[in-house]
**Student:** 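Here it is, the structure, as structure tokens.
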Amino acid sequence: MKNQNKVVEYNFEASEFNWDIAPGKTIKAWGFNKQLPGPVLRANVGDTLVVRLTNNLTQPTLMHWHGLRIPAFMDGTAEVQRPIEPGEVFEYRFVLPDAGTFWYHSHVNETVQMERGLYGAIIVEDPTDPIMDDEKIFMIDDMKLDEANEFTTPAWSLPRLVERHDGREGKTLLINGKETPQIHIYAGQTERWRFVNSSSARYFVLYLNGKEFKIIGTDGGLLEHPRTVTQVLITPGERIDIAAGPFEEGETFSMESLRYNRSTFFRPKRQTFASIVVGSPKASVAFVPDTLRKIEPLADQHAPVNRKIKLSVGPSLKNGLNFLVNGDMHVQDKPVKVGELQVWEVSNPSLMDHPFHLHGYFFQVIEENGKVPEYLAWKDTVNLLPRSKVKIAWMPDNRPGTWMYHCHIIEHHAAGMMASFEVVDGTKPVGEETHARTHHHH
Ligand code: C2O
Ligand code: CU
């Protein structure tokens with residue numbers, strides 16, 4: 001099959017608007033095109049995506065393309081472009097190199113801007129994707145609201161410290177911007193359900209009333225083989241694609257998140273996010289093959305480590321706690337060279353979990369606490385359990401510029417657990433990368 005590459009264009013407006021998360025329950029959301037989540041961006045692999053973003057918020061913003069392997073100057077961080085001021089327009093334009101489930105979100109003042117709704121999904125399709133009867137996208141989020149449904153920041157030091165430590169979790173649980181929505185599926189059919197955890201800090205353990213489902217993909221697209229499970233952890237930033245169904249006519253059950261203990265001040269609970277209603281039967285054409293694609297290993301478990309990254313938590317006189325990379329906050333890490341295989345040991349000596357996210361490149365986990373992982377996958381976010389270590393391998397392909405990695409618990413990122421670094425073209429001196437500071441109109 002041949003792909004006719006297209007240019008897929010969207011106009012986005014970031015603004016504040018009223019959004020009903022449930023009947024009669026209205027919040028002042030911040031989002032794109034007055035929707036929460038923002039519009040689903042859908043294209044084929046190889047297409048060019050153009051998003052013209054107008055900032056009608058009262059503060060600067062930027063758009064980050066989580067998981068897309070695009071040029072550095074399109075990454076949407078303050079490292080590579082000047083924030084888009086209120087009233088300004090910036091055009092993002094890049095080719096979509098990989099199929100899979102990705103997402104976009106604000107990368108400025110994230111603890112406020114992401115919490116209020118500045119995020120959305122990106123679906124990149126490929127002609128070789130498994131055939132399904134239908135497809136749904138589920139963006140997982142939660143919000144911390146007061147009785148008047150307003151966003152609040154803790155006023156005194158103890159709750160403020162709790163939010164800094166745990167990350168911001170709220171009692172308002174959302175799927176696609178709605179509280180406990182009803183989800184419909186025809187009996188006998190199998191659908192592709194794409195999950196994105198867009199919350200600030202919530203660990204989501206997907207559970208469908210004990211029913212088996214098949215994991216077919218994750219951050220960087222399809223796995224090699226489907227994995228049949230009854231639950232799966234999706235940490236902030238991560239994606240999981242499953243084949244759901246077939247179910248029986250008339251069944252109803254909950255989409256829940258099981259309890260996950262990540263050593264927060266608040267005790268974790270099992271919670272319902274949505275209800276699933278199975279309708280009348282319909283013929284199925286879905287087919288999930290045993291081999292979804294081939295993934296070539298980048299390195300084996302014993303590949304020599306060329307960088308160590310330690311994620312830790314330390315005391316702070318001013319803030320109570322700081323979140324650290326190699327002992328410091330907001331770190332400038334050493335450059336890496338295009339074409340030089342990276343094998344990084346990421347360790348977490350702290351007593352809580354951290355989802356480690358690398359911008360712009362996929363990695364493979366080649367060792368987890370001394371063991372080879374059970375299966376290969378392309379990832380951009382990996383969870384680090386308390387007192388644990390992983391080894392990841394990744395290849396800096398020819399996209400020089402400034403990139404970053406950070407904990408995807410947004411409050412930890414803001415409290416220091418992040419680093420930026422240069423990917424340098426080995427043939428050029430450092431510092432010659434293009435920075436997108438001006439508008440380009442085509
Ligand atoms: Cu979703 Cu800096 O990342
Ligand atoms: Cu963290």
Side-chain angles (χ1 to χ4, degrees), residues 37-38 61-70 72 74-81 83 101-111 113-115 118-122 139-141 162-169 196-203 219-220 234-239 260 262-265 309-314 319 321-326 329-331 333 346-363 379-388 390 401-421:
T61 194
L62 285 173
M63 183 88 100
H64 169 57
W65 310 93
H66 184 127
L68 297 186
R69 300 191 303 146
I70 56 182
M74 286 282 114
D75 194 42
T77 69
E79 305 280 343
V80 296
Q81 75 175 106
T101 306
F102 306 99
W103 61 304
Y104 57 84
H105 61 77
S106 150
H107 217 282
V108 172
N109 192 17
E110 295 96 321
T111 55
Q113 295 195 3
M114 284 176 68
E115 167 74 354
L118 287 158
Y119 63 78
I122 307 166
M139 296 202 85
I140 303 155
D141 195 6
V162 170
E163 195 171 292
R164 192 174 172 92
H165 177 274
D166 290 4
R168 184 176 168 103
E169 285 195 53
V196 180
N197 188 339
S198 36
S199 73
S200 306
R202 178 173 296 272
Y203 275 49
D219 302 344
I234 314 173
T235 70
E238 276 188 310
R239 282 87 66 210
Y260 184 90
R262 59 181 186 90
S263 317
T264 45
F265 279 106
I309 295 166
K310 191 167 81 182
L311 307 177
S312 67
V313 182
N319 303 309
L321 289 172
N322 283 333
F323 288 78
L324 311 170
V325 171
N326 293 338
M329 299 169 74
H330 307 282
V331 166
D333 205 344
V346 188
S347 64
N348 171 21
S350 81
L351 300 175
M352 63 191 308
D353 294 58
H354 300 287
F356 173 88
H357 170 50
L358 174 66
H359 277 217
Y361 297 85
F362 297 148
F363 56 77
K379 297 285 292 164
D380 59 51
T381 307
V382 61
N383 189 49
L384 275 123
L385 296 169
R387 297 187 187 283
S388 78
V390 302
T402 310
W403 297 96
M404 60 168 72
Y405 58 80
H406 58 82
C407 175
H408 220 285
I409 292 177
I410 295 308
E411 288 68 24
H412 294 177
H413 175 191
M417 198 174 269
M418 63 83 63
S420 46
F421 64 95

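Just so you know, these numbers use all the heavy atoms, side chains as well, and skip hydrogens, waters and symmetry mates. Just follow the structure's listing: the first ligand is 1, and inside any ligand the first atom is 1.
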**Student:** Assess His408: does it contribute an N, O or S atom lying under 2.8 Å from the Cu ion (ligand 2)?
**Tutor:**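 Here the distance criterion (N, O or S atom, under 2.8 Å) is not met by His408, so no.
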
**Student:** Are the side chains of Glu238 and Pro355 in contact, using a 4.5 Å heavy-atom criterion?
**Tutor:**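 In short, these two side chains do not touch, never coming nearer than 4.5 Å.
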
**Student:** What protein N/O/S atoms sit under 2.8 Å from atom 2 (Cu) of ligand 1, by chain and number?
**Tutor:**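 Listed by chain and number: His107 NE2, His359 NE2, His406 NE2.
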
**Student:** Assign the ring pair His105 / His107 to parallel, tilted or perpendicular, where the plane angle (0 to 90°) is split at 30° and 60°.
**Tutor:**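 Judged by the thresholds at 30° and 60°, the geometry between His105 and His107 is parallel.
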
**Student:** Apply the test salt bridge (Lys or Arg N to Asp or Glu O under 4.0 Å) to residues Arg262 and Asp166: give CA-CA distance (whole Å), side-chain angles for both, the deciding distance (0.1 Å), then the verdict.
**Tutor:** CA-CA 9 Å; Arg262 59 181 186 90; Asp166 290 4; 5.8 Å; no

**Student:** Name of the His412 N, O or S atom nearest the Cu ion (ligand 2)?
**Tutor:**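 Looking at His412, the N, O or S atom with the least distance to the Cu ion (ligand 2) is ND1.
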
**Student:** Between Phe356 and Tyr405, is the ring centre distance below 6.0 Å?
**Tutor:**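 They qualify: ring centres under 6.0 Å apart.
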
**Student:** Does the side chain of Thr61 pick up a donor-acceptor pair with the side chain of Gln113 at under 3.5 Å?
**Tutor:**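 Per modelled atom types, Thr61 and Gln113 side chains form a pair under 3.5 Å.
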
**Student:** Can you tell me if His413 has an N, O or S atom under 2.8 Å away from the Cu ion (ligand 2)?
**Tutor:**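 It does not: His413 brings no N, O or S atom closer than 2.8 Å to the Cu ion (ligand 2).
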
**Student:** Using a distance-only test with no angle check, is there a side-chain donor-acceptor pair under 3.5 angstrom linking Tyr203 and Asn383?
**Tutor:**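 Tyr203 vs Asn383: donor-acceptor pair found between side chains.
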
**Student:** Nearest to the Cu ion (ligand 2), which N, O or S atom of His354 do we find?
**Tutor:**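 So the atom name we want here is ND1.
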
**Student:** Judged by atom type as modelled, is there a donor-acceptor pair below 3.5 Å linking the side chain of Asn197 to the main-chain atoms of Ser199?
**Tutor:**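 Side chain of Asn197 to backbone of Ser199, a donor-acceptor pair under 3.5 Å: yes, one is there.
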
**Student:** Using ring centroids (six-membered ring only for Trp), state whether Phe421 and Trp403 fall under 6.0 Å.
**Tutor:**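 Centroid separation for Trp403 and Phe421: 6.0 Å or greater.
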
